[in-house]
Undergrad: 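Here it is, the structure in full.
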Amino acid sequence: MPDHLIKPHGGELVDLLVDEARTAELKEASRDWPSWDLTDRQVHDLELLLTGGFSPLRGFMSREDYEPVLESMRLADGTLWPIPITLDVTESFAEGLEAGQRIALRDTEGVMLAALTVSDVWTPDKRRKAEAVFGTTNPEHPAVGYLFNTANPVYVGGTLEGVQRPVHYDFRQLRLTPAEVRTRFAKLGWRTVVAFQTRNPMHRAHVELTRRAAAEVGANLLIHPVVGMTKPGDVDHYTRVRAYQAVLKRYPRQTAMLSLLPLAMRMGGPREALWHAIIRKNYGVTHFIVGRDHAGPGSDSSGTPFYGPYDAQDLLREHEAELGVVMVPFKLMVYLEDQDTYLPIDEVPEGARTLSISGTELRERLAEGREIPEWFTYPEVVTELRRTHPPRSKQGFTVFFTGLSGSGKSTVANALLVKLSEIGGRPITLLDGDIVRKNLSSELGFSKEHRDINIRRIGFVASEITKHRGIAICAPIAPYDEIRQDNRAAISAYGGYVLVYLNTPLEVCEQRDRKGLYAKARAGIIKEFTGISDPYEAPEDADVVIDTSTMSPEEAANQIIIELERLGYVDVNEDR
């Protein structure tokens, strides 16, 4: 872009929240406007737009700004801005919208948060956006998967007038706006501030790193964790914030401050690192710590990293003078056992013995209830992590049966129920197919759509039972693989999941059919009967496969218990 079109960041904050009189006026007028219920991501974007975290933006991007952001990371006026901030809506909602029209933007409860004056409406080329912004069209990248599979197809640009900020009931004293953070800095007399971005719990290495970074540049420290949308599978923000509060006491008084950032991360690597620095500039920060593969989602299923390890540092270094935020490179800290201290890896003496624990090993230690050493993290952090992530023997889990009618699901499920009750320790709920049909899905038929709804309902109930550390035993037919996969993902987020496939031959299932359902299906009396007139998709990812024509119900239940014990969810030898 020509130099005369490059506009430096001045650091001025945009405040899009209007006064009480204008708020009342907008609410009254909004009765005649279309209303859009914001998604979670849009609510997070809106909050940072309204409070100035996304300064200089004054609303969701018009196409005039969107296109140059894709091509050159700049708004139409030349201001550096690497990530598109867009309002995606459905085609049906977009139909009839025109420039100058107003829309009421509401949260999921229907509360009006802002008024948007439409500038334009267009359908983006999503593949082009994915390639330009994230450098890939691979849907394994979280942002690309969201763009292709979740985001709506039409964009609406326009300026905003904020009626109120989104409501948060958690950690309200830590949810400071950019203006509030700047005011706090001024009161403390902090002129040079280095920000630390994180979406993970902080351990001893992080504390040592941030102490060193602050000392090297003569700065105070802003711990500024993301509490909006992060990478799927991350530790929930409630647990993380409690851990941050505990860690804050490890810094000398008046040298470090904690504030929460309601950002919906895209995991966009280099562009995201630059975006993070711009956001921190709006919060009054002068320096920003950038680590190895900053804001990157790691590697794809083939093991290929989405970004190079230092791409983010290189891009921010290229623009730090224009931006006015100095990059502080994240140096990998390692523990020296003999000296009981942490050092940057490039300062470790030759031959010195170092220790480390990976994120995977930490999760395994938590799941297995093993010791987490104090050289790695602080006891108070371990306490918070264990409160949310107990060992598998204390977690809830779901055993999900699938198989043809007559394969023995209910019989084996009941045998398993008795054996788990004998072991004890957790409440157990049996969600048998017939029971669910009677009490939860009585209005549903047997079309594919209705079968999927039924299995989703079972999955939802099972996920709630699992979340609250109980045991759910589910025994539907569940003939379709896609919905089983969805349930596995939903339930596994809260605890254990074991898929049991009863691979009993069809002819055996027919011989056992006391109700004559198979005969009626073959005669065409019953339509859409699994295994006869409707398909059954055998799972390829079953954790346990059982043929009840060669195994008794007790033997089958024992096979499942063995798998649960192998995974650590039950211990049949535990002293009680």
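Numbers for residues simply follow the sequence, beginning at 1. Quick caveat: nothing in here was measured; it's all calculated off a predicted structure.
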Undergrad: Side chains of Asp432 and Ile473: closer than 4.5 Å at any heavy-atom pair?
TA: no
Undergrad: Given 3.5 Å as the limit, does a donor-acceptor pair link the side chain of Thr548 with the main chain of Ser407, or not?
TA: yes
Undergrad: What residues, two or more places apart in sequence or in another chain, satisfy ring-ring contact (aromatic ring centres under 6.0 Å, His included) together with His203?
TA: His206, Phe376
Undergrad: Could you give the distance from CG (Leu87) to CG (Leu160), rounded to the nearest 0.5 Å?
TA: 8.5 Å
Undergrad: One thing to verify: whether Arg266 and Asp45 come together as a salt bridge, which I'm taking to mean a side-chain N less than 4.0 angstrom from a carboxylate O.
TA: yes
Undergrad: Under 3.5 Å, is there a donor-acceptor pair between the side chain of Ser533 and the main chain of Glu528?
TA: yes
Undergrad: Output all residues satisfying ring-ring contact (aromatic ring centres under 6.0 Å, His included) with His294, sequence neighbours left out; order by chain, then residue number.
TA: His276, Phe288
Undergrad: Charged N to carboxylate O under 4.0 angstrom, Asp513 versus Lys520?
TA: no
Undergrad: Check whether any side-chain heavy atom of Trp275 sits under 4.5 Å from a side-chain heavy atom of Phe54, and report yes or no.
TA: yes
Undergrad: Nearest 0.5 angstrom please: Gln559 CD to Glu555 CD, how far?
TA: 8.5 Å
Undergrad: Could you go through the side chain to side chain donor-acceptor pair (under 3.5 Å) check for Ser358 and Thr360 one step at a time?
TA: CA-CA 5 Å; Ser358 68; Thr360 300; 4.6 Å; no
Undergrad: Return yes if some donor-acceptor pair links the side-chain N/O of Thr466 with the main-chain N/O of Ser463 below 3.5 Å, else return no.
TA: no
Undergrad: Could you please spell out the steps behind the side chain to side chain contact (heavy atoms under 4.5 Å, CB included) verdict for Val235 and Asn200?
TA: CA-CA 7 Å; Val235 174; Asn200 295 306; 5.8 Å; no
Undergrad: For the atom pair NE2 (His141) and CE (Met267), what is the distance rounded to the nearest 0.5 Å?
TA: 7.5 Å
Undergrad: Listed by chain and number, what are the ring-ring contact (aromatic ring centres under 6.0 Å, His included) partners of Phe171, not counting sequence neighbours?
TA: none
Undergrad: Flag the pair Gln197 / Val226 as yes when at least one side-chain heavy-atom distance between them is below 4.5 Å, and no otherwise.
TA: yes
Undergrad: Answer yes when Lys448 and Asp452 have at least one side-chain N-carboxylate O distance shorter than 4.0 Å, and no when they do not.
TA: yes
Undergrad: Does any N or O in the side chain of Tyr518 come within less than 3.5 Å of the main-chain N or O of Ser405, such that one atom is a donor and the other an acceptor?
TA: yes
Undergrad: Can you tell me if Lys409 uses its side chain to pair, donor with acceptor, with the backbone of Gly403 under 3.5 Å?
TA: yes
Undergrad: Salt bridge (Lys or Arg N to Asp or Glu O under 4.0 Å), that's the test. Do Arg127 and Glu131 meet it? Break it down for me.
TA: CA-CA 6 Å; Arg127 292 188 66 83; Glu131 188 62 53; over 6 Å; no
Undergrad: Please round to the nearest 0.5 Å and tell me the distance separating atom OG1 of Thr86 and atom CG of Asp65.
TA: 12.0 Å
Undergrad: State which residues pass ring-ring contact (aromatic ring centres under 6.0 Å, His included) with Phe93; sequence neighbours excluded, sorted by chain then number.
TA: Trp36
Undergrad: For residues Val118 and Val156, determine if any side-chain heavy atom of one lies less than 4.5 Å from a side-chain heavy atom of the other.
TA: yes
Undergrad: Under the side-chain contact (heavy atoms from CB on, under 4.5 Å) test, which residues partner Lys467, sequence neighbours left out?
TA: Glu464, Tyr494
Undergrad: Would you say that more than 12 heavy atoms from the other residues, nucleotides or ligands in this model lie under 6.0 Å from the CD of Glu482, or not?
TA: no
Undergrad: Identify the heavy atoms of Pro153 and Thr90 that sit nearest to each other, and give their distance.
TA: CD-CA, 4.2 Å
Undergrad: Test your reading of the model: is there a side-chain donor-acceptor pair from Asp543 to the backbone of Leu499, 3.5 Å cut-off?
TA: yes
Undergrad: Side chains of Arg451 and Asp534: closer than 4.5 Å at any heavy-atom pair?
TA: yes
Undergrad: Is any side-chain heavy atom of Arg386 closer than 4.5 Å to a side-chain heavy atom of Leu366?
TA: yes
Undergrad: Just how far is it from atom CD1 of Ile455 to atom OG1 of Thr402, taken to the nearest 0.5 Å?
TA: 8.0 Å
Undergrad: Any side-chain to backbone donor/acceptor pair from Lys129 onto Leu147? Under 3.5 Å, distance only.
TA: no
Undergrad: Evaluate the criterion salt bridge (Lys or Arg N to Asp or Glu O under 4.0 Å) for residue pair Arg457 and Glu443; output intermediate values, then yes/no.
TA: CA-CA 13 Å; Arg457 290 177 181 176; Glu443 85 286 7; 2.7 Å; yes
Undergrad: Show your reasoning for whether side chain to side chain contact (heavy atoms under 4.5 Å, CB included) applies to Gln42 and Leu105.
TA: CA-CA 10 Å; Gln42 291 167 355; Leu105 301 182; over 6 Å; no
Undergrad: For Cys509 and Thr504, work out which heavy atoms get closest and say how close.
TA: SG-O, 3.8 Å
Undergrad: Mind jotting down which residue pairs meet the ring-ring contact (aromatic ring centres under 6.0 Å, His included) criterion with at least one end in residues 395-447? Sequence neighbours excluded, please.
TA: Phe397-Tyr569
Undergrad: If you measure only the distance, is there a donor-acceptor pair under 3.5 Å linking the side chains of Asp236 and Tyr238?
TA: no
Undergrad: Between Thr230 and Arg240, do the side chains contain an N or O donor and an N or O acceptor separated by less than 3.5 Å?
TA: no
Undergrad: For Leu420 and Ile471, run side chain to side chain contact (heavy atoms under 4.5 Å, CB included): C-alpha distance rounded to whole Å, both residues' side-chain angles, the deciding distance at 0.1 Å, then the answer.
TA: CA-CA 9 Å; Leu420 289 172; Ile471 299 173; 4.0 Å; yes
Undergrad: Can any side-chain N or O of Arg271 pair as donor or acceptor with the backbone N or O of Pro82 at less than 3.5 Å?
TA: yes
Undergrad: For Tyr497 and Arg484, which heavy atoms make the closest approach, and how far apart are they?
TA: OH-O, 4.0 Å
Undergrad: A side-chain contact here means heavy atoms from C-beta on lying under 4.5 Å apart; do Val227 and His168 qualify?
TA: no
Undergrad: Check whether any side-chain N or O of Asn454 sits under 3.5 Å from a backbone N or O of His450 as a donor-acceptor pair, and report yes or no.
TA: no
Undergrad: Find the distance between CD1 (Ile279) and CG (Leu261) and round it off to the nearest 0.5 Å.
TA: 6.0 Å
Undergrad: Does a side-chain heavy-atom distance below 4.5 Å link Val570 with Arg426?
TA: yes
Undergrad: Are Thr239 and Thr388 close enough that a side-chain donor and a side-chain acceptor fall under 3.5 Å?
TA: yes
Undergrad: Any carboxylate oxygen within less than 4.0 angstrom of a Lys/Arg side-chain nitrogen, looking at Arg63 and Asp120?
TA: no
Undergrad: Treating Glu537 as the side-chain partner and Asp481 as the backbone partner, does any N or O pair qualify as donor plus acceptor under 3.5 Å?
TA: yes
Undergrad: Going by an N to O cut-off under 4.0 Å, is there a salt bridge joining Asp88 and Arg41?
TA: no
